Amino acid sequence: MNSGKRLSRDFYTRDVLDVAPELPGKNLVIRLQNESLGRFRVTEVEAYRGSEDEACHAFKGRTARTEIMFHEGGRLYIYLVYGMYWMLNIVTGEKNNPQAVLVRGVENYPGPGKLTKSLGIDKSYYGEDLVFSERIWLEDTGLSYPVKCGPRIGIEYAGEYWKSRPWRYFL
DNA sequence: TCAGTGATTAGG
DNA sequence: CTAATCACTGAG
């Protein structure tokens with residue numbers, strides 16, 4: 001797996017609809033249990049866009065859980081769903097504009113719940129800063145790939161308009 | 001198709 | 001305190 005250059009703050013502080021389509025193909029770098037670094041190409045993500053998006057957890061306002069989404073981009077938003085699976089999200093945008101990208105899959109570990117379980121990502125990563133962290137970050141390999149898009153998955157509770165936004169991006 | 005599983009949230 | 005909800009997965 002090619003290594004690359006760590007993404008800086010500027011990459012994350014843009015609108016989620018600019019950041020999300022650029023994530024597939026980037027490397028997720030994480031320090032594994034044996035202290036070595038693992039590199040996994042991101043294959044699938046979804047954008048969740050601010051207080052207007054019915055499918056976004058920040059839609060109902062600021063809570064203890066969603067607090068980190070109100071920070072500037074580059075932090076991790078981690079939460080447990082269905083009592084079993086940790087979800088990995090990357091906060092984007094400027095301060096007080098709550099947005100995040102759900103990482104739905106990386107190479108060899110497709111599925112948002114499976115990738116966190118396989119890589120050992122849990123609540124302890126909540127709020128981690130991808131710009132400075134020594135155990136998790138994203139890097140640009142300089143390679144680019146064609147990215148497809150389609151509707152987001154698992155948001156039956158949202159209205160038709162929000163369910164139909166093509167904000168899932170994948171290789 | 002459907003149960004497992006427990007944090008989070010709103011409401012009394 | 002209670003009860004509903006849930007950005008998923010794997011089994012049948």
Side-chain angles (χ1 to χ4, degrees), chain A residues 7 11-28 30 38 40-94 96-130 133 136-138 147-171:
Chain A
L7 295 171
F11 177 84
Y12 301 105
T13 52
R14 297 171 295 152
D15 189 276
V16 71
L17 294 183
D18 294 321
V19 177
E22 294 183 17
L23 283 174
K26 299 287 189 290
N27 279 349
L28 175 66
I30 184 165
F40 304 91
R41 189 163 50 174
V42 174
T43 55
E44 182 179 8
V45 302
E46 280 176 358
Y48 287 85
R49 190 164 187 258
S51 46
E52 62 176 22
D53 180 2
E54 289 179 15
C56 182
H57 288 167
F59 175 66
K60 292 176 183 166
R62 192 187 289 240
T63 67
R65 182 178 64 155
T66 61
E67 175 66 26
I68 197 67
M69 270 200 276
F70 290 80
H71 286 237
E72 75 175 350
R75 304 294 207 91
L76 292 186
Y77 167 45
I78 309 285
Y79 68 92
L80 188 68
V81 73
Y82 298 113
M84 291 184 224
Y85 303 103
W86 294 105
M87 297 289 103
L88 169 63
N89 297 256
I90 298 163
V91 175
T92 70
E94 300 290 347
N96 291 323
N97 185 358
Q99 311 180 326
V101 181
L102 170 65
V103 181
R104 294 192 58 88
V106 297
E107 200 152 43
N108 299 324
Y109 301 109
K114 288 193 288 190
L115 86 87
T116 53
K117 184 176 180 184
S118 301
L119 302 187
I121 296 169
D122 60 16
K123 185 77 185 250
S124 75
Y125 285 80
Y126 184 97
E128 196 90 4
D129 193 336
L130 296 177
S133 175
I136 188 168
W137 64 90
L138 287 173
V147 174
K148 303 174 199 169
C149 66
R152 295 174 290 180
I153 291 170
I155 52 167
E156 291 310 303
Y157 55 88
E160 274 306 320
Y161 176 79
W162 299 106
K163 274 199 293 186
S164 64
R165 292 310 87 204
W167 291 352
R168 181 168 61 98
Y169 305 94
F170 51 99
L171 296 182

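Predicted, not measured: the structure shown is a model, and the values here were computed from it. Both backbone and side-chain heavy atoms feed into the values below; hydrogens, waters and symmetry mates do not. Just so it is clear: chains get the letters A, B, ... in the order the sequence lines come, proteins before strands, and each one is counted from 1.
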Any side-chain heavy-atom pair of A:Thr13 and A:Thr92 under 4.5 Å
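They are not in side-chain contact.
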
Could you pull out every donor-acceptor pair under 3.5 Å between side chains of residues 76-88 of chain A and any protein atom, sequence neighbours left out?
unit_1  : atom_1 : unit_2  : atom_2 : d
A:Tyr77 : OH     : A:His57 : ND1    : 2.7

State whether A:Glu44 and A:Arg168 are salt-bridged, where the test is any N-O pair (Lys NZ or Arg NE/NH1/NH2 against Asp/Glu carboxylate O) under 4.0 Å.
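Looking at A:Arg168 together with A:Glu44, the answer is yes, because their closest N to O distance falls below 4.0 Å.
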
Short N/O separations, protein against nucleotides 10-12 of chain C, under 3.5 angstrom:
none

Nearest-Å distance for atom pair [atom1]/[atom2], residues [X] and [N]:
{"X": "A:Tyr82", "N": "C:dA7", "atom1": "OH", "atom2": "C1'", "answer": "8 Å"}
{"X": "A:Leu102", "N": "C:dC6", "atom1": "CG", "atom2": "P", "answer": "16 Å"}
{"X": "A:Trp162", "N": "C:dA7", "atom1": "CH2", "atom2": "P", "answer": "16 Å"}
{"X": "A:Arg65", "N": "B:dT8", "atom1": "CZ", "atom2": "C1'", "answer": "6 Å"}

Determine the contact category for A:Gly113: base if any of its heavy atoms lies under 4.0 Å from a base atom, sugar-phosphate if only primed atoms, P, OP1 or OP2 are that close, otherwise nothing.
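Counting heavy atoms under 4.0 Å across all strands, the contact made by A:Gly113 is with sugar-phosphate only.
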
Looking at A:Lys123, does any N or O in its side chain come under 4.0 Å of the phosphate oxygens OP1/OP2 on B:dT8?
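It does, given that an N or O in the side chain of A:Lys123 lies less than 4.0 Å from OP1 or OP2 of B:dT8.
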
Does C:dC8 have its OP1 or OP2 closer than 4.0 Å to a side-chain nitrogen or oxygen of A:Arg104?
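Answer is yes, contact under 4.0 Å.
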
Base-pairing string, 5' to 3', of DNA chain C - Watson-Crick or wobble, under 3.5 Å, | interstrand:
||||||.||||.

Taking the six-membered ring of A:Tyr48, is NZ or CZ of A:Arg165 closer than 6.0 Å to its centre and within 45° of its axis?
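Ring-cation test returns no.
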
